[in-house]
Structures are given as structure tokens and as C-alpha cells.
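Numbered from 1 within each chain, the chains take letters A, B, ... in sequence-line order. Quantities reported herein were computed from a predicted structural model and do not represent experimental measurements.
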2 protein chains.
Amino acid sequence: MKTDLDDNQDLSKQIAEAIRDAIIEGDLIVDQRLPSEAELCDKFSVGRSTVREALKRLAAQNLIRTQRGASGGAFVNRMSFEEAYGQQITTSTLLLSMNSVDFETACEARYALERACAPLSARRRTPDHVATMRAEIHRQSQPGLTDEAFCASDVAFHRALVDGAGNPVLSYQLAGAVEAMQPLMNMITYTQRDRDRIVALHTRLADAIEGADGSRADLILSELAEYTVELGQSRMSTR
Amino acid sequence: MKTDLDDNQDLSKQIAEAIRDAIIEGDLIVDQRLPSEAELCDKFSVGRSTVREALKRLAAQNLIRTQRGASGGAFVNRMSFEEAYGQQITTSTLLLSMNSVDFETACEARYALERACAPLSARRRTPDHVATMRAEIHRQSQPGLTDEAFCASDVAFHRALVDGAGNPVLSYQLAGAVEAMQPLMNMITYTQRDRDRIVALHTRLADAIEGADGSRADLILSELAEYTVELGQSRMSTR
DNA sequence: CACTCCTTAATTGTCTGACAATTGCTTGCC
DNA sequence: GGCAAGCAATTGTCAGACAATTAAGGAGTG
């Protein structure tokens, strides 16, 4: 690990990067204990606060976890899919909201990615996935559902579709795209007619997935994408 | 912003989360200055080191930047696509390496996502994108190229393909998938025959993109995916 | 007035020392 | 052996000090 630091730069940042690189390079392996704060102070010749700030930076990225007490310390964290989801969603959400990405662009990205999953999902989905999709469709048909709850169910439905592909890497990549769109989707108000139309499309989609008909699922998804963009545009313009 | 903290928990973590939520909720907008460290100490009734550790956590996620001096302080950062790329790549790389995701799964995810871009790229790519792809193909044909340089060029080629779709959200999502695979790809040794084959596929791909033939590009990508998986399997098994 | 230089105040970056809280280990007692 | 007390190591928090950086204002000078 690099221990020589450039003065007149942010020391804690440099230390964090040195340790992060060591983790990425594999010099520090999962569950391995890092040197104690005191040892790191010596190693980098800095004060304890500086070391601590560096460690907090790494903790914020889920790269390490810390434990108090004897035989405690900082340990390299196994990056779990769960944590990675969370990070990705936060980042994607902020990216979309802060850069005023328009609805159309985000929608296009989302459905393009989702369509990539459809054929795989049609081939590999388990009965569980289909059941989840059916359950969400049922929820979406309930009268008196708030727009937000409708959106949340929509996310859950599509999540099941994506998970059906049985590829955790795909699921991870798509979690960000789908969930990050939720704030944008929440700005839309759905009339009963809109919901009926969406539920109908979802039903056909679930049928296609259950029937292992990937190309039909793809087709329906493109319909859904088109309809959603249309909906977004009309709703945005009436404001 | 929430200022009441649960004692006997990690204070700096709670503070960081409170501020992060305020940013996500839009209570703190881009380029807005946060209260100074001293003010935050008062607001949360904690010591300065605790506040500083919280701020470093946020800085590690690129949520804020800090400036020294009078009229300095911590400011809400605009999450740029550039920074988001970097974060995503780090996360994806670690996720893949730490969870021993097998080559096949990662490859499938990567090419599934890339195929989602192909039709869009065929429609929208600029001459610049095509030129980049051609340039990378040329580089890949050079004799004496190391395997690593070959892989890097491969990434650049596919990056141009994805960027050609002209959708920054898509580019962002895919940056992680493509670049995170590089360490896995780097484990492969490419014979001259392998390279020739890949260069041929790349050339046909560039032709299809240039000729705005999305479905042909899609087809070639599936060929490339199949060949890559095959290559990976044979190379892994001979170890 | 315009320009330069100096001082001042505000703010973050770093260091030191102290104490609290937690936790595993050892030691002594029954 | 089993149990409780204490000990040592480690992170979490705090307070105070000083350094480094930067913007703003003021003094002096042409």
C-alpha cells in the first residue's frame, strides 16, 4: 500500500484512496482486518483524526465495517448485492434529479434495459416470479389506490420481471434504472383509464413471460414504453 | 432536517444520513452552502470531529465538496455523469470480484445490456462514434499489442457503441457493466486467431452501425457474446 | 480615483490529549 | 470447572489548539 502522501493535498482523501486501491487490487481481502487506527497513524505519519476521516470515507462506500472493543477494528466488507443496489439507486436518483434528465430520455433508457431482460426472463423465470407479477397486477387493479402506491407496485412488477432473468448482475444494473425513475413517475397522475390500459399491458406481459414467449414480451414492452412516454408528455405539458 | 439523534448509535453516520436525505428531498439544492462545521455542531449538539466525519462520508459519495477560507464551507455537489461513472465502476468491479460472479453470468449481463443499445445506436450514432469504433478496430489489429491493451481497446470500442445511442442515462448504466468486466476479461489470453475473429466481428458491427442496421448489429452482438463466453470457458478450464 | 499591500476574520484541515463505551481475555476465587 | 472482576485493546466522542487558505476591507500611494 502506498504510504507516501502528497502534502498540501487532502490527506484523508489520499489515505482513503490508498486503502481503496489496496482493496480493489486484492492486497486486502474480504473480512481481513485493517491495521488499527493507531498503526495507520504511524504508517502514514498523520494524526488520528485524519486516519479516522479516511476510514469514514471508506465506510460510506461500504468498503469497510468497524467494530469496537478488543479484537475489533476495521474489516474489509464483502460488497453485497443488497448494498450495491442501495448505492446505485441513490446515485441514479440524484443524477436524474440534479441534471434535469427529461422524462423521455430516462424512460427510453429504462425500457431499453428492461427489454434486454425480457427474453432471458421468459426462458428462466420461476413460478415465484410469475406469481409476484400476478399479485402486483391484482394490486394495481384495486380501486382507490393512490398514485404513489400504484407506482410502487409498478416498480415491484418490473422488478419481478427483471429478477426472472436469474442474473444477479442484470438485476443489480437494472435496480438503479427502474427505481431511480420512481420520483419522475410519481409526478404523473394516473386516470382510471390510464391504469386500466397499463394493467392490461401488464397482464399480457405476464402471460408472455409465463408462456416463455420472449419476443412477444419484448413487443409488449415496447408498447408499454411508447404509452408511458406518451403519458408523461401529455401530463408534463398540461402543467 | 432531522437534528435529534439516537444516542448509542454511530452519530456521524446518522448526521450524514440526515444531510443526505435533505439533499435527496431537495431541501438542500445544488451549490447551496451547508452550515459551517461550528453551526452543525450546535445544531446536532455534537463535537466537531463527529460533524467532520459525517461530512467526509458525504464527500466520499460525491454529495458535497468543501472549500477552505472565508466564504468557504461545504456545498451541495451537482452529481455529474462523470463522477457517477466512476462510482458505478468501482462498485461494480468490487461486486463482481468479491462475489465470485462467474464469467458467463457477467458476460450475459453485459451483452444483454449492450444489445439494448444497438438499435438506438444504429439510428443515432454520429460520424464521430463510427470514427472512434474504426480507430479502435485499427488499434486492435496492430501486431504486438499486449492482452491488456487489447482489452482496453475493446472497452473503448464498446463504449463508443453505447455512447452512440445518445442517451446519457444508458451510457451511465452501461459504463459499469462494461468496465467492471475488464478485470475478468484481462484474465483471458488472446491468440492471434482469437483477435482476428474479434476484429472481424467488430468490423461487421461497425458496418452495421454505420449502415443504421440495428437488427443486424443486434445479431452480430449475439454472435460476439457467444464467442466471448466460449473463449472464456475454454481459457478458464485450461488453467 | 485606481491600484497595491496589509491586516483581519471566517472557515476548513490537522494534531494532540483526554475520556467513554465496548469487547475479548485473563486472573483469582469459590 | 464455573463465575465474576478486572485488564487491555480498540473504536467513538469531545475539547482545544494551531496551521492553511481565502475573501473582504482598509491604509497608503501614485
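- Under 4.0 Å is where a charged nitrogen must lie from a carboxylate oxygen, and between Arg159(A) and Glu179(A) at least one such pair does.
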Go along nucleotides 4-13 of chain D 5' to 3' and tag each nucleotide: B for a protein heavy atom under 4.0 Å from its base, S when only backbone or sugar atoms are that close, - otherwise.
-----BBBBB
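- The side-chain contact (heavy atoms from CB on, under 4.5 Å) search around Ala135(B) returns none, not counting sequence neighbours.
- Pairs of residues two or more places apart, or lying in two chains, that qualify as side chain to side chain donor-acceptor pair (under 3.5 Å) and include a residue from residues 66-77 of chain A are Arg65(A)-Asn77(A).
- One can place CG of Leu40(A) at 16 Å from C1' of dT14(C), the figure rounded to the nearest angstrom.
- A salt bridge links Glu114(B) with Arg110(B): the closest approach of a Lys/Arg side-chain nitrogen to an acidic carboxylate oxygen falls below 4.0 angstrom.
- Note: CZ (Phe75(A)) to P (dT23(C)) measures 12 Å, nearest angstrom.
- Side-chain atoms of Gln32(A) come within 3.5 Å of backbone atoms of Ile29(A) as a donor-acceptor pair (strictly under, hydrogens ignored).
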